[in-house]
Amino acid sequence: MLERLLILSALLFCIGLYGALTRRHVIGVLIGVELMLNAVNVALVAFSRYVEPAGLALGEADALLEGQAFALFVVVVAAAEVALGLALVLVLVRSRDTVDLTEVSLLRR
Amino acid sequence: MNLFQDIVFWALAALAVAGALGAVSVRSIFHAGLLMVVSFLGVAGIFALAGAAFLAVVQVLVYAGGVAVLIIFAVMLTRDVPMSSRSGPLGPAAALIGAVLFGLLAHAVTQAQWNLLPESLPGPAARVFVDAPTRLGQVLVSDHLLAFEVMGVLLLAVVVGALALVRERSDA
Amino acid sequence: MSARDLYLVSPALSLAILATALVLAGPLLRRSGAVQAVALAGLSVPLALGVSLWAGLDGAEAAFGGALVSDGLSVFLGLLVTCASALVLLASFTHAERYRPYGGEFAGLLLFSAAGLTLLAGAADLLTIYVSLELASLPVAALAAFAKGRAGGVEAGVKYLLLSAVASAVLLYGFAFLYGATGTLRLIAPDGGPTIATAVVAGHGGFAYGGSAVLVGAALAAVGFGFKLSMVPAQMWTPDVYQGAPVPVGAFLAVASKGAAFAVVLRLFTVGLGPVEADWSVLFAVLAAITMTVGNLTALAQSNLKRLLGYSTIAHAGYMLMGVAAVAANSREAGDGSLGPTAVLFYLAGYAAMNLAAFFVALAVTERTGDETIAGLAGLAKRSPVLAAALAVSAIALTGLPPTVGFVGKLFLFNAAVNTGLLWLVVVGALNGVVSAYYYLNLVRVAYLREPVSPERIGVPRTLAVALGVCVCAVLVLGVWPSGLLALARTAAAALVP
Amino acid sequence: MLTALILIPLVGAIAVVVLGRDARAPRVIATGAAVAELAVAAVVFAGYEGAGGYAVDVSWIGALDIAYLLRVDGLSAPLVLLNGILGLAAVLVSWNVELRAREYFAWLAVLQAAVMGVFVAQDLVLFFVFWELELVPMFLLISRWGTGRREYSAMKFLVYTLAGSAFMLAAILALYFSFPGSERTFDMAALAGRDMGSLLVPGSLVFSGFLVAFAVKLPVFPLHTWLPDAHTDAPTAVSVMLAGVLLKMGGYGLLRINAGLFPDQLRDAAPLLAALAALNVLYGAFIVLRQTDLKRMVAYSSVSHMGFVVLGLASTGAAPAALDGVGLSGAALQLFTHGTITGLLFVMVGLVYERTHTRHIPDMGGLARQVPLLALGFMIAGLASLGLPTTSGFVAELLVFMGTFSVYGLATALCAFGVVLAAGYILWAAQRVLFGPRLERWDHLPDARPVDLAAMAVLIVPIFVVGVYPRLITDAFEAGLAPILRGLGAA
Amino acid sequence: MSETAAWLIIGLPLLGGVLSIGIVRRLAPGAWRWAAPLTIALVAGAFALAVVALAATQGEHGHAVGYEPHRWLAVGGAGGFTLSIGVLVDNLSALMATVVTGISTLVHVFSLGYMRKDEHAEGGPYADYPRYFAYLSLFTAAMLGLVLAHNLVQLYVFWELVGLFSFLLIGFWFHRPAAAAAAKKAFIITRIGDFGMLLGLLYLFTQRAAFIAEGLDPFAIPDLIEHAPELLAGGAATWVALGLFAGAVGKSAQFPLNTWLPDAMEGPTPVSSLIHAATMVAAGVYLVARTFPLFEASDAALNTVALVGGVTALLAAALGLVATDIKRVLAFSTVSQLGYMFIALGVGGPAVAMFHLFTHAFFKCLLFLGSGSVHHSVHTFDMRHMGGLRAWMPVTYGVMLVGGLALAGVFPLSGFWSKDEVLAVAWDGAHAGSVGAAQAAFWLGLAAAGLTAFYVGRMLLLTFHGQFRGGIESVPHAERLPDEAHLHVHKHESEPAMLVPLLLLAVMAVGAGFVANAPVDLGIVPAHWFSHLLGDAAPEFNGGVALVSTLAALGGLGLAVLLYGTHALSLDGMPGWWHAAGRVLAARYYMDYLYETLVVRRLLHRGLFLAADWADRHVVDGVVDLAGWTGRSGGRALALLQTGQAQAYGLALSTGVMVILLLYLLGR
């Protein structure tokens with residue numbers, strides 16, 4: 001079960017990465033990043049559920065939830081990232097009238 | 001792990017992957033956002049399967065709900081901006097790297113000798129996944145109190161930043 | 001949470017409070033420079049708290065149940081970040097005028113990020129590291145886009161945010177592997193419980209001699225952090241963002257952000273992954289060589305001053321990585337293990353001084369002339385002798401020539417590298433210094449030998465002059481008398497390698 | 001006392017900057033500082049053997065065992081004196097500099113201080129610090145007050161030296177860490193006599209690290225191409241300092257470190273050094289004979305003459321029992337004599353250039369009529385350069401040849417033939433510049449002024465004094481080289 | 001005689017030179033007039049001291065006045081290099097010193113008149129006096145230093161210094177390009193010989209251990225000549241001797257380093273007479289004689305010396321046949337006569353060589369000064385523009401005649417005696433052993449004797465007999481030097497300051513040969529005084545050899561008279577090869593062409609040196625520039641990757657991750 005979850009996670013991660021690298025639309029890139037973060041969460045949850053926490057032997061039952069807690073934080077951070085990203089998209093549209101990331105390349109060489 | 005769970009898992013996994021693939025490949029950014037939500041929902045199901053029911057709920061509410069709505073709003077706001085084509089020039093290279101990376105990661109996770117959790121958990125641990133929502137709440141304000149507080153500051157900072165950026169300025 | 005916990009986290013806390021206060025009070029502080037003045041005054045609080053923490057330092061002390069540790073490293077970096085923030089704010093008194101009425105936000109976001117960096121330096125579990133890192137990054141993404149009126153202003157923010165997000169996803173994936181392999185997120189355990197290090201030693205999880213999860217995690221985390229370090233292969237954003245972002249933001253990124261990132265890399269790898277040093281030290285050694293070479297070579301081809309500083313930053317990240325690669329296990333003598341981290345920390349402080357000086361000169365010049373090209377420095381010696389002299393000092397220091405802190409800092413780094421058998425890396429590093437001489441001294445050459453494009457003098461705002469003076473003095477004084485700072489760095493590094 | 005050697009020029013530099021507001025003040029202050037420096041250098045030279053000497057040993061960066069360790073022995077004392085002499089000559093010959101004179105004289109003094117530091121530092125890292133410290137003033141002086149492709153030349157100089165010192169730094173650190181903790185030191189004296197066979201890396205590699213750095217500075221073929229450019233485009237005083245003392249840093253390093261710390265490796269490398277020496281001498285001389293720029297000519301003659309230093313070092317290839325130090329003494333003396341002689345040559349070229357505004361040899365001619373004193377100085381410098389007896393150059397070359405002939409006969413013979421070639425190019429230049437029909441366009445040229453004469457005299461006196469009574473210098477070198485010879489196993 | 005006095009032999013001229021150039025010239029505008037008397041007085045003082053020294057060496061056998069040398073320089077401890085300097089006063093050096101100071105005094109006096117230039121010269125007629133007399137005195141000092149050197153290194157020092165003053169004096173009129181070039185040539189070519197000498201010294205130094213073990217100094221001349229045969233074993237003596245001889249070849253302008261001496265005639269004529277006839281060029285002979293026991297230890301060395309001497313004697317004499325410049329004729333003659341001296345040395349007669357040196361010094365100096373006197377009248381040295389000068393220069397003609405006949409070896413002038421001894425000793429040498437070299441040298445010398453007589457006759461006839469051909473006035477202006485442009489012929493005899501030295505020299509040229517080394521006891525002077533002075537047995541007077549050589553001389557003179565005096569014979573109608581040979585001689589065997597044009601200019605300057613220069617610019621420096629270019633290009637290429645595309649940056653990041661993982665996972 002652990003392995004299939006991890007492979008799923010890896011697959012989602014790579015799909016997300018592909019999206020982040022190929023989408024022209026800035027929001028598309030953000031979508032890709034969200035998929036990557038989600039993939040990480042799958043891995044975190046899988047580990048949390050199927051791997052023995054190092055502290056378990058000491059009776060720290062909560063240690064089983066560390067992965068889930070981490071995933072929770074990731075979700076929130078991801079949301080924050082998206083929020084800031086969308087703000088930037090709006091400013092970008094205002095200032096450059098584009099959401100095409102390939103056109104956002106004034107800064108180079 | 002029984003057959004039913006297997007079937008559910010594969011279905012959800014297929015949903016998540018299909019959604020993700022769609023999200024990165026469909027032409028319309030609006031549809032991509034929707035497909036992302038689909039993928040998120042699949043993942044939420046998998047969370048539930050993996051003993052993270054609370055997280056699954058959060059996933060649906062925050063991601064499939066909040067984030068997706070945010071994205072769709074943004075798409076709406078920037079709709080009239082012209083877009084030439086769907087994907088950038090890096091497609092083949094990115095695909096190749098994605099594929100190789102996937103192979104490597106898959107190889108890594110299968111090769112690794114994970115220290116698996118025993119089937120039967122000792123006393124209090126056995127109920128952990130059942131009590132997860134309650135216990136998570138406790139963990140957040142005890143073990144991870146600092147992170148929790150930092151997260152608050154982070155959200156504040158992001159709000160400040162986003163607002164400072166978006167608000168029009170006379171001299172901008 | 002105890003009062004003690006609060007005291008230990010107080011520098012970061014006070015920074016965050018100060019940031020919030022500035023944001024809230026921003027609209028009220030209408031007089032020009034008032035925001036900065038308040039911010040500077042307020043920074044004395046974290047500074048004092050940091051000094052007080054340093055004074056009371058007694059080994060490592062965990063806070064928040066082990067989420068945070070207050071030791072030499074964290075306090076040292078906290079102080080460094082605070083000082084750097086103060087200098088940046090001091091230098092940007094007049095610059096920030098253009099962001100009115102959002103000067104409060106400008107200073108506030110900077111200080112939010114500083115709070116994140118301060119926390120990052122003391123973060124002792126993977127979760128805290130992650131959230132601190134995001135707290136440090138996201139405000140900077142906003143700040144990078146702050147000059148949204150300028151061409152490329154928003155672009156810098158977008159690039160920073162997107163690439164930072166990808167990098168942090170990679171980092172997170174690495175963290176997930178580490179977690180899966182060790183079953184814990186902790187770097188330290190105040191109660192004697194398991195940590196990543198003990199789990200790795202115990203052969204827990206994936207790392208059972210031939211297993212690979214720990215290494216995969218380490219590699220992904222290294223690249224993820226590499227974004228903040230400006231390390232190859234995650235360095236490419238650096239020049240673009242430095243070019244597009246306001247100069248003070250670039251300075252802050254180059255000095256404070258990079259410093260805290262080095263601290264957390266040192267902590268994660270030497271404390272958490274110390275048992276597998278042999279595996280990652282090679283990685284960092286190779287990446288150090290590539291990073292400095294790429295940075296220096298690319299800098300040769302630059303015509304834009306801000307981009308040049310970006311590439312220079314990459315090169316210096318390469319130098320500092322030498323110290324990371326100089327791990328304790330390979331050191332020639334027991335007890336020498338802290339030479340690498342000591343050298344990194346010393347260099348960070350020295351680099352802060354010399355690099356801030358360079359950025360401040362760039363700030364003063366671009367602010368006044370709007371010309372960001374290197375050619376725009378032509379005749380600087382005539383237009384502003386003070387700026388030219390400061391530029392010369394910082395260029396000489398960045399090249400690594402005596403009698404500046406740049407020389408001593410490099411000496412320490414090389415020292416540590418040789419101590420761990422990385423003689424080849426020292427040769428590469430020193431030859432890189434040769435390459436860098438070419439473009440750094442070109443700046444001096446342009447400033448002193450070219451005829452000015454315009455006879456108009458370039459005035460230097462008094463606040464900026466003060467900041468510049470502090471940096472230049474630090475560069476020279478530390479170059480001649482490095483022992484004091486070295487002792488501090490040594491104390492700080494002792495936290496990593498007992 | 002030794003700290004004073006370093007501080008006097010630095011204080012002078014500061015004084016020039018602070019007090020040198022009016023047009024004349026900088027040069028007066030700089031001259032004062034240079035005279036004081038020369039006086040102190042003379043005192044050090046005369047009294048370094050006295051009770052306790054003038055050693056200074058203060059911890060500098062204690063954590064790394066780096067000390068502010070200054071010491072003068074027979075090897076460095078004459079070079080300290082040389083630096084004092086050349087410093088004064090450089091200031092005197094710069095009397096006419098008007099472009100930002102304050103900065104110019106200040107940098108010149110800093111340069112002198114850095115070179116002084118190299119000669120007195122006995123801690124490897126401190127040595128390295130001074131070694132690098134000299135780069136900045138040189139870079140600025142050449143690129144700012146030079147001529148021609150000055151910026152290119154300044155950069156080339158800097159890049160070459162830095163590249164060389166990259167290897168030196170690696171070698172210094174490798175040397176330090178090769179020993180167990182309690183035995184680690186950067187003190188050259190303490191390192192001498194250690195077994196350099198089994199270092200962190202093979203001892204020959206560490207040796208080569210130093211060798212490369214010093215070979216760049218000396219310079220040794222094929223690492224020499226910075227020199228003609230730097231010399232050609234540098235202002236006169238900087239050429240004087242460059243030829244006079246900066247090249248000597250390379251030779252000093254070879255003697256002090258390569259010979260002092262690595263006797264076995266030096267012996268192994270001796271055949272290579274002998275070959276390089278012959279190559280240097282002949283190749284340099286060949287190229288001199290093609291030059292039409294007076295400064296470039298002198299620059300390549302430096303390349304040629306520095307081959308003698310390398311040849312002297314190669315004399316260590318002798319069997320230990322047969323090693324008597326004549327070659328090493330010759331090499332050391334060549335450092336001193338070449339400093340004064342080529343310094344004088346550059347002074348003369350500079351003074352001529354100052355008047356004619358050309359260094360193109362075919363444009364000149366017959367100057368001996370119009371500027372007889374300059375011609376006299378020129379001839380003295382030239383004749384000393386071609387190793388005429390009673391000038392110091394002869395003694396040094398003779399000692400080098402004598403020391404090495406029994407070891408590497410062919411190489412020595414080839415080098416000795418370089419002396420014939422030297423006669424060729426020096427006299428050829430003299431013929432074309434000084435002799436021949438009087439050209440009317442040079443009729444208005446003023447002959448040497450008192451300050452020019454002073455600059456010339458400062459250098460001519462040591463040339464003849466040492467040439468006639470070389471013991472003044474050789475005895476010091478003998479004493480300084482004695483420990484090195486013992487290290488080489490000489491009886 | 002105290003050691004101080006011995007040092008003063010060197011010191012007085014040195015003092016004169018230094019005072020003359022350093023003080024007198026600066027003192028006052030008119031102070032030039034003190035320069036000449038001062039230097040003359042001091043050189044004359046040195047002459048007096050030299051005579052005293054010569055006297056002091058008489059009496060006891062060994063003839064050395066032992067002064068302990070002074071330790072001057074010591075490097076490398078006991079086994080290293082020790083230089084002790086001292087004056088070596090013995091019969092040989094004292095004799096040589098006497099000759100040098102004597103001739104030098106006369107030349108100083110002669111110069112008093114000769115060096116006065118016309119009233120319109122820049123700075124007045126005496127402007128160059130102080131510099132000239134200073135150089136001349138300093139040269140004398142250096143020459144005396146060479147002669148009296150106790151030590152080979154010391155000798156080498158002064159050896160170089162005489163070269164320096166030779167250089168300065170040849171180039172005295174440095175504004176003349178030919179003079180400047182000749183000065184340079186002289187210095188460089190002699191330095192090639194000195195290079196050999198240096199190698200000889202270096203080789204000697206490698207043999208020092210045997211000397212030091214005996215408590216001796218290998219460079220000390222007394223030690224060396226006393227112990228060289230036993231301590232320089234296994235061919236070492238040959239190499240050292242050949243090295244020293246190389247120096248002598250350069251200094252004495254022997255084949256193949258003979259080309260500089262004719263050019264050196266660009267110097268003032270008194271200089272030519274002192275330096276390039278009487279003293280400095282004879283230093284080579286003196287050096288070999290000085291270290292003769294060393295040469296004796298090696299047959300190979302002796303044979304080389306004899307052969308080089310013989311070949312040079314003949315070749316140079318042949319060159320004298322066609323030269324049109326009177327000073328060149330004399331220069332070739334000098335080279336040739338020096339060859340004789342080397343013949344004598346090579347066949348084992350150092351005293352004979354010194355005897356010829358002694359007589360040659362007088363008559364050759366006389367001839368040169370005489371040619372200077374001629375020049376004062378006609379302002380040219382080209383014999384084609386002379387003729388008939390005896391009409392108004394009777395004294396000059398007389399002394400030149402005496403000198404010429406002495407040079408030709410006509411009985412009973414001095415040249416006859418010394419040349420005869422040379423040939424006799426060569427004849428003896430040829431018959432004493434199986435020494436082929438001596439035999440060859442004898443025949444070469446004999447042939448040269450005939451040629452010598454011919455060119456002497458030709459020179460005298462062209463100069464003093466026949467019709468006057470116009471002097472400087474017939475030289476086209478285009479061919480004149482700038483400072484000769486306004487000169488006119490003055491048909492007058494020279495002033496007394498010039499004639500007195502000439503007459504004194506003439507007396508010596510007549511009598512020095514017979515009186516000094518007479519075959520029979522003359523009462524005041526014992527028989528073979530000169531040879532005995534040098535501690536050598538004089539060769540038996542060989543009537544046969546004398547007769548043959550006299551016949552050769554008379555034949556040469558007679559032929560000259562027939563060709564140039566009576567014009568009974570004419571060279572017109574000679575076959576083609578004759579003129580070809582004439583061209584070869586006129587071109588000096590193409591040696592200058594070979595050395596200067598082919599070797600120096602083509603092979604070296606446009607060949608090797610050009611190649612080295614090119615290689616330095618393009619290869620050695622090119623590699624460096626290439627490295628720089630590579631760096632900059634690499635930088636530009638890397639900068640091209642910075643496309644500004646954020647996703648490309650992300651791709652790079654992912655690629656990095658991929659590569660690292662690949663290495664980690666698959667590399668394990």
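Chain naming here is simple, since letters A, B, ... match the order of the sequence lines and numbering starts at 1 in each.
Proximity to chain B is limited to the side chain of C:Ala16, based on heavy atoms less than 4.5 angstrom apart. For C:Val154, no part lies under 4.5 angstrom from a heavy atom of chain B. Contacts between B:Val153 and chain C at a heavy-atom distance below 4.5 Å involve backbone atoms as well as side-chain atoms.
The distance from the NE2 atom of B:His144 to the CG atom of C:Leu185 is 6.0 Å, given to the nearest 0.5 Å. Rounded to the nearest 0.5 Å, atoms CG (B:Asp143) and CZ (C:Phe64) are 12.5 Å apart. Taking OH from C:Tyr102 and CG from B:Leu163, the interatomic distance works out to 9.5 Å, rounded to the nearest 0.5 Å. Remark: C:Leu135 CG to B:Leu156 CG distance equals 9.5 Å, nearest 0.5 Å. Between the CG atom in B:Leu146 and the CG atom in C:Leu119 there is a gap of 6.0 Å [rounded to 0.5 Å].
Residues B:Leu154 and C:Leu138 meet the side-chain proximity criterion, which asks for heavy atoms closer than 4.5 Å. Side chains of B:Phe148 and C:Val131 form no contact here, defined as non-hydrogen atoms less than 4.5 Å apart.
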Please set out all donor-acceptor pairs under 3.5 angstrom arising from side-chain atoms of residues 167-174 of chain C, sequence neighbours excluded.
| unit_1 | atom_1 | unit_2 | atom_2 | d |
| --- | --- | --- | --- | --- |
| C:Ser168 | OG | C:Glu134 | OE2 | 3.1 |
| C:Ser168 | OG | C:Ser164 | O | 3.1 |
| C:Ser168 | OG | C:Ala165 | O | 3.1 |
| C:Tyr173 | OH | A:Ser9 | OG | 2.9 |
| C:Tyr173 | OH | A:Ala10 | N | 3.2 |

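Between C:Ala181 and B:Trp114, the shortest heavy-atom distance links the atoms N-CZ3, 3.6 Å. Nearest heavy-atom pair across B:Ala164 and C:Lys148 is O-NZ, 3.8 Å. When all heavy atoms are compared, the tightest approach of B:Leu165 to C:Ala142 is CD2-O, 3.6 Å.
The stretch residues 23-68 of chain B participates, sequence neighbours left out, in these ring-ring contact (aromatic ring centres under 6.0 Å, His included) pairs: B:Phe40-B:Tyr63.
Ranking C:Thr128, C:Leu127, C:Leu143 against chain B, the residue ahead of the rest is C:Leu127, based on heavy-atom pairs under 4.5 Å.
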